[in-house]
Protein chains: 2
Amino acid sequence: MTESGKPILYSYFRSSCSWRVRIALALKSIDYETVPVNLVKDGGQQFSEEFQALNPMKQVPALKIDGITIGQSLAIIEYLEETRPTPRLLPLDPKKRCLVRMISDLIASGIQPLQNLSVLQQMGQENRLTWAQKVINSGFNALEQVLQNTAGKYCVGDEVSMADLCLVPQVANAERYKVDLTPYPTIRHINKSLLALEAFQVSHPCRQPDTPPELRA
Amino acid sequence: MTESGKPILYSYFRSSCSWRVRIALALKSIDYETVPVNLVKDGGQQFSEEFQALNPMKQVPALKIDGITIGQSLAIIEYLEETRPTPRLLPLDPKKRCLVRMISDLIASGIQPLQNLSVLQQMGQENRLTWAQKVINSGFNALEQVLQNTAGKYCVGDEVSMADLCLVPQVANAERYKVDLTPYPTIRHINKSLLALEAFQVSHPCRQPDTPPELRA
């Protein structure tokens, strides 16, 4: 917390995992301060001793709130959900909650880590794009099939849920890696509906305190 | 469910994510049937049309229970926790629950996917072991630091939690990839305590219906 008592979000404008948490904070109208951590400058500010003491995982996002510092975006969102339940990001019905978590994990464990910077750097410059496209396509094939059974207006029914907070940043990554989204009509449709919501707009990478001027919109 | 009404776990003896769920089922005394899915035989049985119709993610574990089929190990465990709460795998206190989820996600999103077969296959035979060791060491460095603040007898305090269900299978992977565990005394200590519990033993890869005879113990 800051002296004013506000939570502090350690964030990088382009980090898709940070974006997930920014959406949650926006939806729940939680006022917070951003401390930018530049993942590429100075060899990666997340590796600094200072940041590492705060978050041994050397990753963003991290959230300082209620006297604790939390890492891992989904753990942060679940904590916010349990302590600030309105509006809810998990449905009441256990089976629907399960679908929300399944879709969230499909993205957070099954896609995002495999196209993360640390893996891409191992692939060699010429294979990087191909690899990123391959893992995103593989994940989106599964996701599209799942969503055809679960989606209403959003990923699970007609209420915005944690799954939606994972979907939009992952689609942005896909676009960045030039993945052809034509085979994924359900994903595209949901993504478009979500991007029309204010919480997804104010949290967008192009509108953060650390967004470089040339990427602002 | 089978005709007898038992849940069905689609599992592979060596899959660390399947093991997580097997521990949960054992701890909660949920009787189930195993349908083995061999991830290497026949080019990977998870890619069969039949299995894909069941789980579009083409991964184990998947659990058929209460009329639905669920993928993603942590989503499965959270569902079991919400519908079969005894004994609990998440503490009551929201901050402690958050620590449990953070540690679980650190392993499930931050380590396991990066040393998964699909990634290793991209690394080339000669780099495979080095890469697996690198990502596990990097994750365990963070995990060791986190656990020094959260652990009692187990990962978070003295109660077995979802985090422990992630820890033990990940340590087994580390041993398989010949990671030197000397720098991680807290991880080693917790792992040893957990392996003494019956639920971790009956769910062990060396004691599954699909364990090859030469790996049985």
Side-chain angles (χ1 to χ4, degrees), chain A residues 17 52-53 55-59 63 65-83 90 93-95 97-114 116 118-119 122-123 127 131 134-135 138-139 141-149, chain B residues 17 52-53 55-59 62-63 65-83 90 94-95 97-114 116 118-119 122-123 127 131 134-135 138-139 141-149:
Chain A
C17 302
Q52 207 179 320
N55 184 13
M57 287 160 262
K58 297 178 254 181
Q59 291 171 335
L63 185 68
I65 190 168
D66 301 341
I68 54 171
T69 303
I70 326 169
Q72 299 296 334
S73 59
L74 297 190
I76 296 173
I77 295 168
E78 294 262 6
Y79 179 77
L80 295 176
E81 181 71 1
E82 293 189 340
T83 56
L90 287 169
D93 174 62
K95 288 182 188 173
R97 292 166 76 83
C98 179
L99 292 176
V100 168
R101 290 194 175 109
M102 183 178 84
I103 294 166
S104 304
D105 288 348
L106 194 170
I107 296 170
S109 298
I111 306 179
Q112 193 280 332
L114 299 175
N116 204 358
S118 67
V119 175
Q122 293 299 315
M123 292 300 166
N127 299 324
W131 170 259
K134 187 184 150 179
V135 296
S138 165
N141 270 318
L143 187 57
E144 177 71 20
Q145 260 184 276
V146 171
L147 291 175
Q148 281 174 8
N149 290 315
Chain B
C17 302
Q52 207 179 318
N55 184 12
M57 287 161 263
K58 298 177 254 181
Q59 291 171 334
L63 185 68
I65 191 167
D66 301 341
I68 55 172
T69 303
I70 327 169
Q72 299 296 334
S73 58
L74 297 189
I76 297 172
I77 295 167
E78 293 262 8
Y79 179 76
L80 295 176
E81 181 71 1
E82 293 189 340
T83 56
L90 287 168
K95 288 182 189 172
R97 290 165 78 84
C98 179
L99 293 176
V100 168
R101 290 194 175 109
M102 182 177 87
I103 294 166
S104 303
D105 289 347
L106 194 171
I107 296 170
S109 298
I111 306 179
Q112 194 280 332
L114 300 174
N116 204 357
S118 67
V119 175
Q122 293 300 315
M123 292 299 166
N127 300 324
W131 170 259
K134 187 183 150 179
V135 297
S138 165
N141 271 317
L143 187 58
E144 177 71 21
Q145 261 183 275
V146 171
L147 291 175
Q148 281 173 9
N149 290 314

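Both backbone and side-chain heavy atoms feed into the values below; hydrogens, waters and symmetry mates do not. We name chains A, B, ... by the order of the sequence lines, and we start the count at 1 in each one.
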L106(B), part contacting chain A, at a heavy-atom distance under 4.5 Å: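 Backbone plus side chain of L106(B), per the 4.5 Å heavy-atom cut-off to chain A.
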Chain A contact via Q52(B) - which portion, at a heavy-atom distance below 4.5 Å: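 Contact with chain A: backbone and side chain both.
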Option in [options] with maximal non-hydrogen atom pairs under 4.5 Å from chain B:
options                            : answer
P113(A), S104(A), G139(A), S138(A) : P113(A)
Q112(A), K58(A), R97(A), E144(A)   : R97(A)
D105(A), I103(A), I70(A)           : D105(A)

Heavy-atom pair count under 4.5 Å with chain A, highest-scoring of M123(B), E82(B), Q145(B):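 Most heavy-atom pairs within the cutoff with chain A belong to E82(B).
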Expected output: side-chain K95(A) to main-chain G67(B) donor-acceptor under 3.5 Å: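 Here the side-chain-to-backbone pair does not exist.
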Reported SG-to-CD distance for the pair C98(B) and Q72(A), which is rounded to 0.5 angstrom: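 That separation rounds to 10.0 Å.
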S109(B) OG to M57(A) CE distance, which is reported to the nearest 0.5 Å: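 Those atoms lie 11.0 Å apart.
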Note, R101(B) side chain near L74(A) side chain (heavy atom, < 4.5 Å):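 Not in contact.
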